[in-house]
Amino acid sequence: MSLQEHYRSQARELLAAGAVKMVVGYAEGTTPERRRPVFITEPEECSRLVLDARCRTNLAGYLLREGLLSDGREIAVYLSTEGVRTINILAAESQLSSAQVRILGFEIDRDEVKAMEGKRAADFSEAILAHKERRKKQAPDELAAKLEAMNAAERFTFWQGEFSRCIKCYACRQACPMCWCRRCVVDNNQPQWVNTSSHTLGNLEWNLVRAFHLAGRCVECGNCGRACPVDIPLHLLNRKMTGEVLEAFDHYPGMDEHQEPALASFRKDDPETFIL
Ligand code: SF4
Ligand code: SF4
């Protein structure tokens with residue numbers, strides 16, 4: 001039995017037994033290469049569930065929508081390691097209870113999809129630790145290496161050029177499972193902190209504010225970059241911030257649901273190398 005079939009039948013059983021009220025998974029998209037989120041509530045609908053190497057979207061953020069978990073019942077959700085880490089962070093930030101999240105875990109290795117054994121986020125700690133060790137050794141891609149070799153003025157010019165294309169659609173924010181505020185600070189107009197129109201200064205402010213807000217929280221799932229209609233290389237910012245936090249604090253977000261946030265915790269033995 002393929003993994004797709006295996007998870008379809010698990011989803012069917014969970015719904016039929018009333019163990020979960022919904023399965024959040026992937027279905028065929030509008031074009032053959034696309035997959036889209038699907039919200040299944042009836043066992044007979046489970047044949048719509050798809051699982052292949054195109055299932056890249058981190059679905060964890062959908063659990064926070066529309067008060068889905070407010071009745072205390074469980075929901076099953078297809079999640080890769082990044083998704084499981086997201087559940088840990090959202091639990092640590094008191095946005096959900098991990099006991100309500102039944103995980104159908106998988107990993108994509110190049111074009112192959114593999115099962116990850118476990119039901120609750122806590123069952124995946126070994127896989128997450130292995131990810132952390134791999135992440136520490138990961139070399140930067142070509143563009144990231146080029147950016148690292150630039151001086152500060154050159155990097156600023158690069159990012160100003162990239163951000164000049166931003167149309168302030170906020171698709172990156174909407175797609176990000178970590179952007180869970182009901183009202184984003186950039187939508188406030190009394191006072192208005194970030195200009196809403198799409199111009200150089202406001203675009204820079206928006207993208208930098210978002211990057212800092214995600215430092216030590218981003219799981220590098222890539223949802224934001226895939227959602228960006230003008231292909232701004234947001235992954236470079238996310239990777240940079242994640243790498244810095246990993247190096248400075250040995251902090252890899254989403255290790256477990258009790259992990260303290262890197263930028264909201266204090267240790268007396270912090271070397272404080274950022275203080276000049
Ligand atoms: S910032 Fe982007 S890569 Fe990071 S968690 Fe949000 S959507 Fe995923
Ligand atoms: S998705 Fe892209 S264009 Fe839209 S606000 Fe984010 S960075 Fe700007």
Side-chain angles (χ1 to χ4, degrees), residues 24 35-37 55-65 77-93 95-96 107-108 121 128 131-132 135 138 140-141 143-144 158-181 184-188 192-246 251-255 257 259 261-263:
V24 183
R35 297 290 175 253
R36 65 190 168 98
C55 299
R56 301 270 173 182
T57 303
N58 178 356
L59 301 176
Y62 289 104
L63 300 177
L64 301 184
R65 304 284 162 89
V77 55
Y78 284 58
L79 293 176
S80 64
T81 315
E82 287 78 17
V84 180
R85 289 169 56 210
T86 306
I87 298 296
N88 281 334
I89 298 171
L90 294 176
E93 294 178 351
Q95 294 308 303
L96 53 72
E107 254 196 317
I108 299 175
I128 294 173
H131 261 242
K132 177 182 177 184
R135 178 64 179 81
Q138 221 166 35
D141 66 19
L143 186 51
F158 170 87
W159 280 113
Q160 268 200 321
E162 290 297 331
F163 294 151
S164 70
R165 295 186 289 112
C166 174
I167 55 171
K168 287 275 185 74
C169 64
Y170 300 136
C172 47
R173 177 187 74 187
Q174 294 311 110
C176 177
M178 294 306 155
C179 276
W180 48 255
C181 293
C184 178
V185 68
V186 302
D187 292 334
N188 279 346
Q192 186 171 72
W193 298 107
V194 177
N195 197 305
T196 50
S197 61
S198 172
H199 69 79
T200 315
L201 183 60
N203 290 359
L204 189 74
E205 282 172 346
W206 157 241
N207 281 284
L208 292 187
V209 162
R210 206 180 103 78
F212 280 120
H213 196 184
L214 271 300
R217 298 172 68 239
C218 171
V219 294
E220 298 180 273
C221 64
N223 275 12
C224 52
R226 282 188 293 273
C228 180
V230 291
D231 292 330
I232 295 174
L234 297 170
H235 69 282
L236 291 174
L237 270 183
N238 301 333
R239 286 191 67 74
K240 178 69 181 163
M241 300 302 275
T242 305
E244 292 287 328
V245 174
L246 188 56
H251 181 92
Y252 192 59
M255 294 298 292
E257 63 178 281
Q259 185 184 33
L263 301 191

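All ligand and atom numbering here is 1-based and tracks the order in the structure.
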_R173 (side chain) donor-acceptor with C184 (main chain) under 3.5 angstrom_ =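 Not at all, since once roles are kept as given, no pair shorter than 3.5 Å links the two residues.
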Notebook entry, point to check: Which bit of K168 is near ligand 2, meaning a heavy atom under 4.0 Å away: side chain, backbone, both or neither?
Noted result: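 Just the backbone.
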**Item:** Side chain, backbone, both or neither: N207 near ligand 2, heavy atoms under 4.0 Å
**Value:**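 Under 4.0 Å from ligand 2, N207 contributes side-chain atoms alone.
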Contacting atoms of ligand 1, where contact means under 4.0 angstrom from a heavy atom of [X]:
{"X": "C176", "result": "1 (S), 5 (S), 6 (Fe), 7 (S)"}
{"X": "E220", "result": "3 (S), 4 (Fe)"}
{"X": "N223", "result": "7 (S)"}
{"X": "C224", "result": "1 (S), 2 (Fe), 3 (S), 7 (S)"}

* Side-chain contact, heavy-atom cut-off 4.5 Å: L214 with C179? ->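 Yes, side chains in contact.
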Exercise. Below 4.5 Å, heavy atoms only, C-beta onward: do Y78 and C55 meet side chain to side chain?
Worked result: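 The answer is no; the side chains never approach within 4.5 Å.
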Query raised in the report: Would one find an N, O or S atom of C172, in either backbone or side chain, under 2.8 Å from atom 6 (Fe) of ligand 2?
Result: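 A backbone or side-chain N, O or S atom of C172 is under 2.8 Å from atom 6 (Fe) of ligand 2.
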Original post:
Has C166 got an N, O or S atom lying less than 2.8 Å from atom 2 (Fe) of ligand 2?
Top reply: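 Not a single backbone or side-chain N, O or S atom of C166 is under 2.8 Å from atom 2 (Fe) of ligand 2.
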Mind checking whether R210 contacts ligand 1 via backbone (N, CA, C, O), side chain (CB onward), both or neither, at a 4.0 Å heavy-atom cut-off?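 Under 4.0 Å from ligand 1, R210 contributes side-chain atoms alone.
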Under 2.8 Å from atom 8 (Fe) of ligand 1, can any N, O or S atom of C221 be found?
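Under 2.8 Å: C221 contacts atom 8 (Fe) of ligand 1 through an N, O or S atom.
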I'd like to know if L214 contacts ligand 1, where contact means a heavy-atom distance under 4.0 Å to any ligand atom.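 Yes, that is the case, since the closest heavy atom of the residue is under 4.0 Å from the ligand.
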